[in-house]
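What you see is a predicted model, and the numbers here were worked out from it, not measured in a lab. Below, read A as the first sequence line, B as the second, and so on, with proteins coming before strands; counting in each chain starts at 1.
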Protein chains: 2
Amino acid sequence: MKFDERHLIQLAAVVKTGGVTEGAALLGLAQPAVSRTLSMLEKRVGEPLFIKGRRPLQPTPLGLSLAEHGLVMLAASRKASDLVESFRVGKSGVVRIGGTPFFMDALITGLCAEFQASHPDVRIDQSYGYFPDLRAALKADQIDLAICPIDILDEGSGLEFQQILPGRNVVACRITHPLLLKRRPQPSHLLDYPWIAPPPGSPLLADLRALLLSFGATEIKIRFSGGSLMSVINYLKAADALTIMPHSVVFAQRKEKTITALPITIPHPERALAILKRIDAPRAPAVDQFAEFVRTGFQDLRHLIKRHEEAVIWGI
Amino acid sequence: MKFDERHLIQLAAVVKTGGVTEGAALLGLAQPAVSRTLSMLEKRVGEPLFIKGRRPLQPTPLGLSLAEHGLVMLAASRKASDLVESFRVGKSGVVRIGGTPFFMDALITGLCAEFQASHPDVRIDQSYGYFPDLRAALKADQIDLAICPIDILDEGSGLEFQQILPGRNVVACRITHPLLLKRRPQPSHLLDYPWIAPPPGSPLLADLRALLLSFGATEIKIRFSGGSLMSVINYLKAADALTIMPHSVVFAQRKEKTITALPITIPHPERALAILKRIDAPRAPAVDQFAEFVRTGFQDLRHLIKRHEEAVIWGI
DNA sequence: GCATCAGTATAACGGATCGTTATGAAATTC
DNA sequence: GAATTTCATAACGATCCGTTATACTGATGC
């Protein structure tokens with residue numbers, strides 16, 4: 001005995017509503033269609049599903065049991081419909097994001113939580129990487145979005161990128177660092193303190209080298225390297241060390257009052273923090289929703305960040 | 001977005017098996033049918049359900065979620081099919097039985113438990129009544145089976161009845177009753193003890209009257225009446241009272257060693273304990289299964305009951 | 001890199017059945 | 001018992017389903 005699932009759903013609707021007419025209405029069908037289905041079901045099952053001649057239509061125990069299974073299907077069908085609807089408007093689905101570790105930890109993960117306040121059924125899978133890996137991951141459809149600093153002149157060959165922040169770097173230290181006492185710390189002073197090197201592969205590492213070259217320095221004291229953002233911050237908290245960081249990361253930590261930036265301008269490449277998407281492949285609506293959320297989130301922050309930068313670096 | 005439930009089931013089958021061909025096979029369909037369904041689904045949903053160009057067919061998150069709902073439906077459909085199968089062979093369903101209180105309590109309820117050892121999914125609804133009520137309940141389709149004593153000449157007008165036991169009555173008392181010490185208690189002795197009257201409406205009550213008439217007695221000491229079987233037995237356990245009971249009820253209590261029957265033959269009508277069914281209306285297979293179980297159950301007991309009767313009443 | 005192969009998409013077709021409107025029958029309600 | 005509601009049946013057009021046959025595409029082998 002194999003059923004057409006729709007028949008069981010119709011049965012369920014009739015049992016639930018207590019009438020053929022109402023059951024049909026519940027499903028948006030005409031009454032004769034449902035009536036015929038019921039007749040057919042009873043014939044096929046070979047057992048009565050309803051007690052005949054009672055107007056508040058009453059199912060037999062078998063009819064009731066079958067209707068329960070029909071209800072399960074009806075519920076599942078409804079859920080499936082809802083799922084598609086919510087997926088279409090970006091209210092459900094999966095967003096796979098990848099980004100550089102510091103940015104993700106400092107700025108993006110918190111945004112994820114905020115995003116899910118309005119999109120609770122969207123799952124976010126986060127992973128880490130630097131630009132080359134991220135680009136490859138995008139093209140291999142392993143992630144939907146990459147959030148990382150890219151050189152502005154870099155061409156994305158099939159990748160769309162939206163700039164969300166200028167990619168300015170600063171020298172970070174703890175707020176009790178002695179260099180902060182000087183009005184105008186000189187680059188040469190930077191060589192007096194131990195340094196934390198950004199993770200290998202990080203653009204920050206290249207930036208650090210450029211920084212050194214701009215001083216004419218050939219060597220600094222690297223005391224620690226390879227840690228995550230939290231590692232670095234905890235190290236900075238405990239020593240008068242220095243490191244190079246995107247300003248926005250320092251900005252994100254401003255409330256903690258543990259680290260800040262030295263009022264020194266350092267060279268920075270023409271780079272911007274951007275969201276990268278594949279331009280060709282179809283993206284789940286939730287992905288676009290999330291990207292838009294991040295973009296506007298940073299837009300709202302932009303002047304705050306700028307003022308913070310001016311205040312910290314320029315002492316305005 | 002409304003789905004044809006079968007489409008979601010086909011999707012589920014494909015996701016589950018990892019291939020269109022295998023999914024189709026799982027459902028007993030040809031591959032093109034399922035393939036077309038998937039194309040159609042993707043077009044209707046407007047989002048990809050599978051990652052293109054991967055041979056171990058891999059669903060997108062949306063496809064996977066939809067497939068989960070499809071699996072629910074598939075499971076419900078399978079369960080519904082199983083339900084009908086088990087119903088057809090009497091392995092599931094509801095059996096509504098009605099009967100005289102003493103018989104039900106003493107003999108039938110225990111059989112119900114035994115029956116359900118082999119038919120765990122059959123529910124049994126028991127109710128009490130005497131022949132006129134039971135016949136009415138049968139005809140009104142409130143019960144499926146009635147188990148009660150009926151006069152053999154009674155004609156069941158649309159009711160089929162199967163005799164399961166001779167309807168012999170005995171005088172019951174506790175096993176320490178003084179009358180049991182006499183080899184041949186005389187009817188007149190019965191008047192010396194207090195009596196428990198069977199419930200009003202019970203055929204036993206009529207039998208008790210007939211018994212009195214046969215003694216020429218006009219009055220006995222009725223001390224208690226209206227109780228259930230357990231009431232009566234507990235009363236008997238606590239006093240040297242007497243009552244009239246079907247022998248089979250005493251038989252059923254033999255293991256308890258609390259009550260027995262006096263070795264006195266008393267008049268009994270041409271009556272038998274029988275199972276009554278409506279002959280016209282369709283019965284659920286489980287009903288027939290149960291009726292047959294009861295019938296053969298008593299058939300197996302028949303000679304045991306007969307020997308018990310002879311031993312107790314005739315002292316053989 | 002090309003050939004082979006398994007699995008998938010597409011096409012065409014016959015038929016089942018679905019949903020509709022129209023109408024009759026049955027039961028409930030007043 | 002008449003009116004009304006609800007259910008069953010009939011007829012019909014159209015959709016969609018499942019089938020076979022066939023072309024296509026990605027995987028696998030050397």
Side-chain angles (χ1 to χ4, degrees), chain A residues 1-60 63 67 70 73-74 77 139-141 281-282, chain B residues 1-60 63 67 70 73-74 77 140-141 281:
Chain A
M1 172 91 325
K2 198 134 177 318
F3 288 105
D4 182 335
E5 288 72 24
R6 284 189 293 179
H7 295 163
L8 290 182
I9 290 181
Q10 291 182 21
L11 172 66
V14 171
V15 169
K16 181 176 180 171
T17 60
V20 177
T21 305
E22 298 144 280
L26 181 69
L27 300 176
L29 297 177
Q31 168 264 325
V34 177
S35 182
R36 181 172 54 191
T37 295
L38 294 184
S39 309
M40 199 270 273
L41 270 182
E42 286 198 333
K43 201 185 304 173
R44 278 174 58 94
V45 171
E47 306 282 344
L49 300 178
F50 288 92
I51 297 170
K52 298 303 168 194
R54 288 277 169 277
R55 186 51 62 86
L57 220 48
Q58 209 173 348
T60 62
M73 295 188 215
L74 180 57
S77 184
K139 296 207 171 181
D141 193 29
Chain B
M1 172 91 324
K2 200 136 176 318
F3 287 106
D4 182 335
E5 287 72 25
R6 284 189 293 180
H7 295 163
L8 289 182
I9 290 182
Q10 291 182 22
L11 172 66
V14 170
V15 169
K16 181 176 181 173
T17 61
V20 177
T21 306
E22 297 145 281
L26 181 68
L27 301 176
L29 296 177
Q31 168 265 324
V34 177
S35 182
R36 181 171 56 190
T37 295
L38 294 184
S39 309
M40 199 269 274
L41 269 182
E42 286 200 335
K43 201 183 305 173
R44 279 174 56 96
V45 171
E47 305 283 345
L49 300 178
F50 288 92
I51 297 171
K52 299 302 168 194
R54 287 277 170 279
R55 187 48 63 85
L57 219 49
Q58 207 173 349
T60 63
M73 296 189 216
L74 180 57
S77 184
D141 192 28

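Between B:I51 atom CD1 and C:dG7 atom P the separation is 20 Å, expressed in whole Å. In this structure, the CG atom of A:L41 is 12 Å from the P atom of C:dT17, given to the nearest Å. Atom CG in B:D4 sits about 9 Å away from atom P in D:dG18, given to the nearest Å. When rounded to the nearest whole Å, the span between CD of A:E22 and P of D:dT5 equals 13 Å. The nearest whole Å value for the distance from the CG atom in A:L27 to the C1' atom in C:dC18 is 14 Å. Between the CZ atom of B:R36 and the C1' atom of D:dC16 there is a distance of 7 Å, rounded to whole Å. Distance, A:F3 CZ to C:dC18 P: 14 Å, rounded to whole Å. One interatomic measurement links the two molecules: CE of A:M40 to P of D:dC7, which rounds to 19 Å at whole-angstrom precision.
Nearest approach of A:H7 to A:L41, heavy atoms of both residues: O-CD1, 3.8 Å. Minimum heavy-atom separation, A:P59 to A:I51: O-CD1, 4.4 Å. Across every non-hydrogen atom of A:K2 and A:R44, the tightest pair is O-NH2, 2.6 Å. Closest heavy-atom contact between B:G23 and B:T17: N-OG1, 3.1 Å.
When the side-chain nitrogen and oxygen atoms of A:S39 are compared with OP1 and OP2 of D:dA8, none of them lie within a distance under 4.0 Å. Between A:H7 and the phosphate of C:dC18, there is a side-chain N or O to OP1/OP2 separation shorter than 4.0 Å. In this structure, A:S35 does not reach the D:dT9 phosphate: none of its side-chain N or O atoms is under 4.0 Å from OP1 or OP2.
Of the two residues contacting DNA chain C, namely B:T21 and A:A30, the nearest-nucleotide position lying further toward the 5' end is that of B:T21. Both A:Q31 and A:R6 sit near DNA chain C, but only A:R6 has its closest nucleotide nearer the 5' end.
Closest approach to the B:V20 side chain among C:dA9, C:dG19, C:dA22 is made by C:dA9 (side chain taken as heavy atoms from C-beta onward). Distances from the side chain of A:L57 to the nucleotides C:dC18, D:dC7, C:dT21 place D:dC7 closest. Checked against D:dG18, D:dT19, D:dA11, the side chain of B:P32 finds its nearest nucleotide in D:dT19.
Within 4.0 Å (heavy atoms only), A:T37 reaches no atom of the nucleic acid at all.
Among B:V14, B:T60, B:V20, the one residue that satisfies the side-chain contact (heavy atoms from CB on, under 4.5 Å) test with B:F50 is B:V14.
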